[in-house]
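These notes are about the structure you will find just below.
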Amino acid sequence: MAEALRVGIAGLGTVGASVARVLRDKAAELTRQCGRDIVITAVSARDPKRDRGIDLGAAKWFDDAIKMAQIADIDVFVELIGGDEGAARASVKAALEAGRHVVTANKALLSKHGVALAEIAEKKGVLLNYEAAVAGGIPVIKTMREAMAGNSVTRVFGILNGTCNYILTRMEAEGLSFDACLKDAQRLGYAEADPTFDIEGHDTAHKLSILTSLAFGTRIAANDIYMEGISNISQADIRAAGDLGYRIKLLGVAQRTESGIEQRVHPTMVPTASVIAQVHGVTNAVAIETDILGELLLSGPGAGGNATASAVVGDIADIAKSRPGFQHGPVFGLPAKELKPYKKAQMRSHAGGYFIRLTVHDRIGVFAAIAKRMADNDISLESIVQHADGPETAAQKKTVILVTHETTEAAVRRAVDGITKDGHLTDKPQVIRIERAG
């Protein structure tokens, strides 16, 4: 049997402790699968005295993760610290430069520094594995890197944040407000005390930027993603979507166009009969559309200690199975130096149209003014519905719901801005894209 694979874990929070437990509890099974033992020989975390529910006394303790990456007797450095700078970045860089394999769950780090780190890994001939960084326990990274040779990806999209999907699911199923669902998500541990990173789309954007690089062979461009969160989604939107045969999901979408790559994160109406609409709760799903395979949908647990730990252990096991002289594949599918510069697509028509909800003063001429603004911007309407907000307000304001045919984001925004300037609105307008496919 080959020598044991020595592992060092930096960060012993929920995920780090789960990884250590899995490596302990599944040791015999992993040895059979990998042909060698996997042993934790070094650990690093802020508090050495904290009870993590597992005995790590046999491992050498390091107060400094960077020093552990540089000098510990390890073959694999597992980074579970988090953050895109500081100890996370410095320790991963140090481990790679020292010729050690790296496994990380850090999507923020990869979205900002992934290409630079990949260059180091490829130069040193070591692996940089990151399955847990995107969609938790779903093996989407391995699928895109290893299982789709010959396929040209045209679009990749999905539900990449369990917190947002949980909130939207509860809003629809129970008629609760966004705020009520968010508080419940925080109570259950699905959302952080400061949920901004999740609910405003940043987490989804980081994951999408990594998938975009894998799908289209471009350098990561997290700063070129159009982004909206779900904090302005109301029960009025949820009900209207249902009446129209749609369900609201926060999607990350990347697709190839004639003018470049389009990346966007925003609430989206998808047909209730579509597969992506059936993904509920904290579950994630990623759809990959290609010229040969067609559409592939991967779905499963997207967050939590066990789901993330499963992906991390899978990455460690892949390293354990490799042998000296094995030629490692590129980190992002192509050698880092061959990744093309990201070219942002020009604004174009959106085939699915738009849902527009306007709360307006109930007075003569409003309908005509709205229709004129749409016509002035060459927007064709599929439907327009008007109803009172309720008996107590029926005399003061009404809700107007518009569904457009194919048009551009710019045209819709100009029309809505014009209606706002006309002074007809009583509340902030809502605009949501409609995806016909998926």
Side-chain angles (χ1 to χ4, degrees), residues 110-111 114-115 118 122 129-131 133-135 138-160 204-222 224-226 249 251-266 268-271 273-279 284-300 302 327-353 406-409 433-438:
L110 293 170
S111 69
V115 175
E122 289 163 14
N129 286 351
Y130 52 96
E131 189 66 69
V134 180
I138 305 172
V140 62
I141 303 300
K142 182 174 289 188
T143 298
M144 295 184 73
R145 284 205 303 189
E146 302 174 18
M148 300 182 68
N151 281 268
S152 294
V153 178
T154 54
R155 182 168 75 142
V156 57
F157 67 97
I159 297 168
L160 301 175
T204 298
H206 284 160
K207 296 170 181 175
L208 180 67
S209 69
I210 295 168
L211 293 179
T212 300
S213 181
L214 282 167
F216 305 116
T218 62
R219 299 180 75 85
I220 295 174
D224 283 314
I225 297 178
Y226 173 83
K249 298 292 185 182
L251 294 187
V253 182
Q255 59 189 29
R256 188 194 304 275
T257 75
E258 292 180 358
S259 62
I261 306 299
E262 179 181 337
Q263 295 184 102
R264 45 188 168 88
V265 173
H266 50 73
T268 308
M269 287 190 178
V270 295
S274 64
V275 176
I276 201 81
Q278 311 309 315
V279 178
N284 280 193
V286 181
I288 308 164
E289 296 179 356
T290 76
D291 57 345
I292 301 174
L293 186 62
E295 182 175 318
L296 173 67
L297 182 72
L298 304 172
S299 179
Q327 186 66 39
H328 303 303
V331 176
F332 292 105
L334 290 175
K337 291 185 180 298
E338 294 181 18
L339 293 172
K340 300 184 293 290
Y342 176 81
K343 182 182 179 184
K344 188 175 181 178
Q346 297 174 0
M347 187 69 72
R348 66 183 191 89
S349 293
H350 173 61
E406 180 177 327
T407 186
T408 64
E409 181 91 14
R433 288 178 183 239
I434 298 173
E435 295 284 346
R436 301 295 186 188

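Throughout, residue positions are numbered sequentially from 1 according to the sequence presented.
- Among residues two or more places apart in sequence or in another chain, the side-chain contact (heavy atoms from CB on, under 4.5 Å) test is passed with Lys142 by Glu131, Glu146, Asp318.
- Atom OG of residue Ser274 and atom CD of residue Glu435 lie 10.0 Å apart, to the nearest 0.5 angstrom.
- Contact detail for Val253 and Arg155: the closest heavy-atom pair is CG1-CD, 4.1 Å.
- With sequence neighbours excluded, the residues forming a side-chain contact (heavy atoms from CB on, under 4.5 Å) with Ser299 are Val279, Thr283, Ala285, listed by chain and number.
- Glu122 and Leu334 make their closest contact through OE2-O, 4.2 Å (heavy atoms, listed as atom of the first residue, atom of the second, distance).
- One finds the CD atom of Glu262 at 9.0 Å from the CD atom of Glu409 (value rounded to the nearest 0.5 Å).
- A heavy-atom distance below 4.5 Å is not found between the side chains of Thr204 and Ile225.
- Remark: Phe157 CZ to Gln255 CD distance equals 9.5 Å, nearest 0.5 Å.
- Scored by the side-chain hydrogen bond (donor to acceptor under 3.5 Å, both in side chains) test, Asn151 finds Thr290 as partners (sequence neighbours excluded).
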Report the C-alpha distance between Val286 and Leu297 in whole Å, list the side-chain angles of each, state the deciding distance to 0.1 Å, and finish with yes or no for side-chain contact (heavy atoms from CB on, under 4.5 Å). CA-CA 6 Å; Val286 181; Leu297 182 72; 6.0 Å; no

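- Listed by chain and residue number, nothing satisfies the side-chain hydrogen bond (donor to acceptor under 3.5 Å, both in side chains) test with Asn284 (two or more places apart in sequence, or in another chain).
- Remark: side-chain polar atoms of Thr268 are not paired, donor with acceptor, to backbone N or O of Arg433 under 3.5 angstrom.
- The side-chain hydrogen bond (donor to acceptor under 3.5 Å, both in side chains) check on Thr212 picks up Gln263, with sequence neighbours excluded.
- For Lys340, the side-chain contact (heavy atoms from CB on, under 4.5 Å) test picks out no residue, with sequence neighbours left out.
- Here Phe216 contributes atom CZ and Leu211 contributes atom CG; the two are 9.5 Å apart, rounded to the nearest 0.5 Å.
- Proximity of Lys249 to Ile276: side-chain heavy atoms (C-beta onward) are nowhere separated by under 4.5 Å.
- Note that NZ of Lys344 and CD1 of Ile261 are 13.0 Å apart. Values are rounded to the nearest 0.5 Å.
- At distances below 3.5 Å, at least one donor-acceptor pair connects side-chain atoms of Ser213 with backbone N or O atoms of Thr218.
- Residue Arg264 holds its CZ atom at 10.0 Å from CG of Leu208, rounded to the nearest 0.5 Å.
- Between Leu298 and Met144 the shortest side-chain heavy-atom distance does not fall below 4.5 Å.
- Residues Ala118 and Val331 share a closest heavy-atom pair of CB-CB, 3.7 Å.
- Between Ser259 and Lys343 the shortest heavy-atom distance is O-CE, 3.1 Å.
- By the side-chain hydrogen bond (donor to acceptor under 3.5 Å, both in side chains) test, Ser209 pairs with no residue at all, sequence neighbours left out.
- For the residue pair Ala277 and Val270, the shortest heavy atom distance occurs at CB-CG2, 3.8 Å.
- Contact record, Ala215 with Val156: CB-CG1, 4.1 Å, taken as the closest heavy-atom pair.
- Not counting sequence neighbours, the partners of Lys207 by the salt bridge (Lys or Arg N to Asp or Glu O under 4.0 Å) test are Asp203.
- With sequence neighbours excluded, the residues that form a ring-ring contact (aromatic ring centres under 6.0 Å, His included) with Tyr130 are Phe332.
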**Report entry** side-chain contact (heavy atoms from CB on, under 4.5 Å) evaluation trace for Ile220 with Leu339
**Finding:** CA-CA 9 Å; Ile220 295 174; Leu339 293 172; over 6 Å; no

